[in-house]
Amino acid sequence: MNNDDDARAFLIARELIAEHGDDVAAFLQTRIDALMASGDIEQLSAWHVIRNAVALTLESDTTLH
């Protein structure tokens, strides 16, 4: 994964947090579960990166306040 991919993951993370708020974790888990069931490893990998970006974003937001 390169820096552009990382930046994209964090942009998506911000959008998901804004859209889903406190339900973002449940949304991500549902998405990841569906991808696991479908066997789409490439998308599954991408969504794991996005989930990590969401976690890091939420963590940094709470430590900045």
Side-chain angles (χ1 to χ4, degrees):
M1 181 159 282
N2 62 38
N3 287 337
D4 287 343
D5 291 337
D6 287 345
R8 184 172 177 272
F10 278 94
L11 287 173
I12 293 169
R14 288 267 182 204
E15 291 172 4
L16 290 172
I17 292 165
E19 182 177 343
H20 297 281
D22 291 340
D23 295 327
V24 70
F27 168 81
L28 288 167
Q29 193 59 54
T30 299
R31 181 68 159 235
I32 287 169
D33 289 346
L35 289 167
M36 285 180 68
S38 74
D40 188 342
I41 301 301
E42 187 174 323
Q43 283 294 310
L44 179 62
S45 177
W47 279 93
H48 275 287
V49 172
I50 293 166
R51 182 180 63 183
N52 290 341
V54 166
L56 288 171
T57 299
L58 291 173
E59 182 179 295
S60 69
D61 283 352
T62 58
T63 58
L64 292 176
H65 297 299

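Counting begins at 1 with the first residue of the sequence.
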- prompt: Roughly how far, to the nearest 0.5 Å, is CZ of Arg51 from CG of Leu44?
  reply: 8.5 Å
Of all pairs that satisfy salt bridge (Lys or Arg N to Asp or Glu O under 4.0 Å), the ones with a partner from residues 17-45, not counting sequence neighbours: none
query: What distance separates Leu28 CG from Leu16 CG, expressed to the nearest 0.5 Å?
result: 6.0 Å
- prompt: Can you name the residues that form a salt bridge (Lys or Arg N to Asp or Glu O under 4.0 Å) with Arg14, not counting sequence neighbours?
  reply: Asp61
message: Side-chain heavy atoms nearer than 4.5 Å, only ILVMFWY residues, links allowed to pass through others: does that put Met36 and Ile50 together?
response: yes
message: Give me each pair satisfying ring-ring contact (aromatic ring centres under 6.0 Å, His included) with a member in residues 5-26, each pair once, sequence neighbours excluded.
response: His20-Phe27
Taking every non-hydrogen atom, the tightest pair across Val49 and Ala9: CG1-CB, 3.8 Å
task: Considering non-hydrogen atoms only, spot the tightest contact between Ile17 and Val24 and give its length.
output: N-CG2, 4.1 Å
- prompt: Is the side chain of Thr57 donor-acceptor paired with the backbone N or O of Ala53 at a distance under 3.5 Å, no angle test?
  reply: yes
task: Go through the structure and list residues passing ring pair (Phe, Tyr, Trp, His ring centres under 6.0 Å) with His48, not counting sequence neighbours.
output: none
Straight-line distance of Leu56 CG to Ser60 OG, nearest 0.5 Å: 7.5 Å
